[in-house]
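Worksheet: the structure to be examined is printed underneath.
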Amino acid sequence: MEYKIRTYREGDGISLAKLFNRVYKKYAGFVPRTVDYWVWCCYERPDVENEGIIIAEACMHASKNIVGYAVLGKSGNVWELCVDPKANKKQIALIIFKEINRYFRRVHADRIVVNVPNDDHVMQEVCVKMGLVEQTRGHMFVGIVDFEALIEVLRQKICENLRSFGETFTVKLLNARPWINSSFSIKIEKGELRVSPHLTSGETTIMVDSDVFSSIVLGETTPLVAFLKGKLKIRPLRKISRALKFLGAIQVDSLWFYPLADFG
Amino acid sequence: MIGMHKCRAFSSKDSDTVRELIRTTFYDFLDGNYWDWKHLRNPDFDPSLVVVAEKNGEIAGCGHGIPREFKLTGDVAVDSVLGCDLAVKREQRGQGIGKEILVECRTQETVKNRKIVLFYHFTNVNLAKKIHVPFLGDTEVTSSVKQFYKITSWKNLIGFIEEKTKRSLHEMMSSKIRDLNFVILFRMIGAPPLTLRFSEGRTRVSEEKCEDADIIIEGKISAFTSFLGAKKVKWQLLKAVLKRKLKIKGKPRKLLKVYRNLDFFKDFLETVTKYIR
C-alpha cells in the first residue's frame, strides 16, 4: 500500500472529524468532533497553520483515503494525532512522526508533546522509537451536577444490563452540594427506565455520600468496595445484591482519554 | 471570607479587563490572542458561563466555562462545561474569591437551562485536591492518557534566563558561592544536555555536553520537575535521589557546597521547571 503525505485542504474537516470519532470511539472524556468544533479547535487555533496539519492518505488505484493525521502547533504540541486502526497503523504512524519532526525543526519548536491512550501500544512504541519519553500525565476532574440526567442518558446501557429487573430504587445523597438534587427515584421495569426527581416509595433505598456516589458512577470506586467500607447503606438488607447490581450497571466503564486539543 | 464579593456573569465590556487578568496570570501560554480564540471566537461561547467577581466595582477575579459535548460511553455524550482559566488578582488572593467564582459557575441559571450534566477540568492536582475535590465534590478520574515528551532545544530557555535571571541569580549568590568555580550538567532523559557554569564571578547557561562538569545530575524530566519547583527543594532532591529517580555524581566538596546553597538557585530552578512544564 502506498501512503502519501499532504497538508490540509479546505473541506478536509469532515473526513478528519469522522476519523477522530471512529478512532477514539471506545474512550470517555473527550469532545466528540463535529466539523465546526474541529475547525475551531484545530484549524483556527492560534499556533496552527495550514502546513502544521499533516494528512496521510492511502493511495489505492485511483482513490485516496485519509488514514491518519496530526495537528501540530508551533509551540511543539501535537494537538491531535489520529491513525486509522484498520490501516497499517505502525507504518502510517512512523511516516506521520517523521513529518512531525521535520515540521517542528522547520518552525524551531523546542519540544514535542503528544497524548497517547494507555492501551495504544503501537503508538507508544512509535513515540519511543522517535526519542520521546513518557512523562507525568495531567489530571482530569469531573463534577456531576445532575445525577438524574446522567442516569437518563445511560438508560440503554442500564436496561441492557438489567433486563429482568423490576425494581424502584430511591437514592438519597448525603452532603450533596446546593446545586445537586439530594434525592431521586429510579424505576426499572420491563426493560424501561424512568428517573423521577421526587421521592417515591421505592422498594430499595440507597443512602450514600454524594462524593462517593459520584466516584461510583464515574467508575473510580466499585459499589461492593464502597458498601464493605460502610460508605453505602442499602435498605432493606435483603436487597443488597440487587442494589449493588444496579449501581454496577450505572457505572461509566470506558477508559478516560483526551487529546491535547481538548485541554484548552 | 466568602460572600464579600459580588459575582456576576461576564459581559462584553469586561473583555479588556479579563483579557489582561488572564494574560498576567497565565503569562506563559494564555496571551490576549489565545484568550480571544479560546473564548470570544469559540462558536460555542456563552458569556453567561463566564463569571467575574467584583470588589469595589473592580474585577478581582474570573472563571470560565466552555459548553461542550462530553463523551461518556459508547455513543453516549452529555452536555457539559469545561471549567478553565480561573484567575484572581495576586493582591486579592487568599480571600475566597476563587471559591465564590467556582460556586457561582455551577449555580448559574444557565446551567439548568442548558441541562448541563457535569463540569470537568484539568486543574493542577494540588490545587484541585485543596479546593475542587473537597469543596465542589469533584472526582479525579483515572486517566488513560500517556503523555510523551521530548525537548529538542534549550535555546529559548537559555535566551530567557540570560535576559531575565542572570543578573538576579548572580546577585543572590552568597560570597561563598561567588568565589567558587564549578559546572553543573543536567542530563534529562528526553532532552539535550543543559550546563550551568559558574566561573570568574559570572554565570552561563548553555546547551552543551560538558565533559569536565563538577556535578552531574541525571534522570527523567518528571523527576526534575518534581524537585525543581518544590517549596522544600533540598528535601525533594534527597527523596528523588533515595528513590533512585535522580542520580547525582560529583566532587564531594562541591556537591556539599551546592547542596547547602540550593536556595540561591531557586530562581534558576523555577525558571527551568516552568519552561519544562
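Computation of the quantities below employed the complete heavy-atom set of this structure, encompassing side-chain atoms and omitting hydrogens, waters and symmetry-equivalent molecules. Remember, it's a predicted structure, so these values are computed and weren't measured experimentally.
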Self-check item: Partner chain A: residue of B:P43, B:G83, B:C84, B:A77 with the largest heavy-atom pair count (under 4.5 Å)
Solution: B:P43
Practice problem: Identify the two heavy atoms, one from B:G137 and one from A:S214, that lie closest to each other, and give their separation to 0.1 Å. | Solution: O-OG, 4.4 Å
Self-check item: Rounded distance (nearest 0.5 Å) linking atom CZ of A:R111 with atom CG of B:N156
Solution: 8.5 Å
Exercise. Can you tell which part of B:V81 gets under 4.5 Å to a heavy atom of chain A, answering side chain, backbone, both or neither?
Key: neither
Quiz item: Which is it for B:Q147 and A:V113 under the side-chain contact (heavy atoms from CB on, under 4.5 Å) test, yes or no, and what are the steps along the way?
Solution: CA-CA 7 Å; B:Q147 189 165 93; A:V113 185; 3.5 Å; yes
Practice problem: Hey, can you tell me if A:W256 and B:F70 have their rings parallel, tilted or perpendicular (30° and 60° cut-offs)? | Solution: tilted
Quiz item: Just how far is it from atom NZ of A:K26 to atom OG of B:S144, taken to the nearest 0.5 Å?
Solution: 9.0 Å
Self-check item: CD1-CG distance between B:I116 and A:D146, expressed to the nearest 0.5 angstrom
Solution: 10.0 Å
Self-check item: Test item: B:K146 and A:D120 side chains (from C-beta on) under 4.5 Å apart, heavy atoms
Solution: no
Quiz item: Among A:V39, A:V114, A:V31, A:I180, who wins on heavy-atom pairs under 4.5 Å with chain B?
Solution: A:V114
Practice problem: Identify the heavy atoms of A:D262 and B:L82 that sit nearest to each other, and give their distance. | Solution: O-CD2, 4.0 Å
Quiz prompt | Engaged part of B:D75 at the chain A interface, taking heavy atoms whose separation is under 4.5 Å | solution = side chain
Quiz item: Rounded to the nearest 0.5 Å, how far apart are CZ of A:R177 and CG of B:D138?
Solution: 8.5 Å
Quiz prompt | Check: B:F122 ring centre within less than 6.0 Å of A:Y258 ring centre | solution = yes
Quiz prompt | OG1 on B:T73 to CD on A:Q156, rounded to 0.5 Å | solution = 10.5 Å
Quiz item: Looking only at heavy atoms, which two atoms of A:W40 and B:K38 are closest? And how far apart?
Solution: CZ2-O, 3.5 Å
Practice problem: Pick whichever of B:V141, B:T152, B:V145 has the most heavy-atom pairs under 4.5 Å with chain A. | Solution: B:V141
Quiz item: Of the backbone (N, CA, C, O) and the side chain (C-beta and beyond), which part of B:V125 lies under 4.5 Å from a heavy atom of chain A, both, or neither?
Solution: both
Quiz item: So do the side chains of B:K71 and A:Y24 get within less than 4.5 Å of each other, counting heavy atoms only?
Solution: no
Quiz item: Hey, are the side chains of B:F148 and A:V78 touching, using non-hydrogen atoms and a 4.5 Å cut-off?
Solution: no
Quiz prompt | Check against side-chain contact (heavy atoms from CB on, under 4.5 Å), A:R45 and B:Y34 | solution = CA-CA 8 Å; A:R45 192 175 280 269; B:Y34 209 88; 2.8 Å; yes
Quiz prompt | Distance (rounded to the nearest 0.5 Å) between A:H139 NE2 and B:N126 CG | solution = 8.0 Å
Quiz prompt | Minimal non-hydrogen separation, B:L118 against A:I144, with atom names | solution = CB-CA, 4.0 Å
Quiz prompt | Residue, of B:G190, B:S143, B:A191, B:P192, that accumulates the most heavy atom pairs under 4.5 Å with chain A | solution = B:S143
Quiz item: Mind checking whether B:H121 and A:F141 have ring centres under 6.0 Å apart?
Solution: yes
Quiz item: What pair of heavy atoms forms the shortest contact from A:S254 to B:G74, and how long is it?
Solution: OG-N, 4.5 Å
Quiz item: Is there a side-chain contact between B:F119 and A:V145 (heavy atoms, below 4.5 Å)?
Solution: yes
Practice problem: Considering only heavy atoms and a distance below 4.5 Å, find which of B:T142, B:T107, B:N124 pairs most often with chain A. | Solution: B:T142
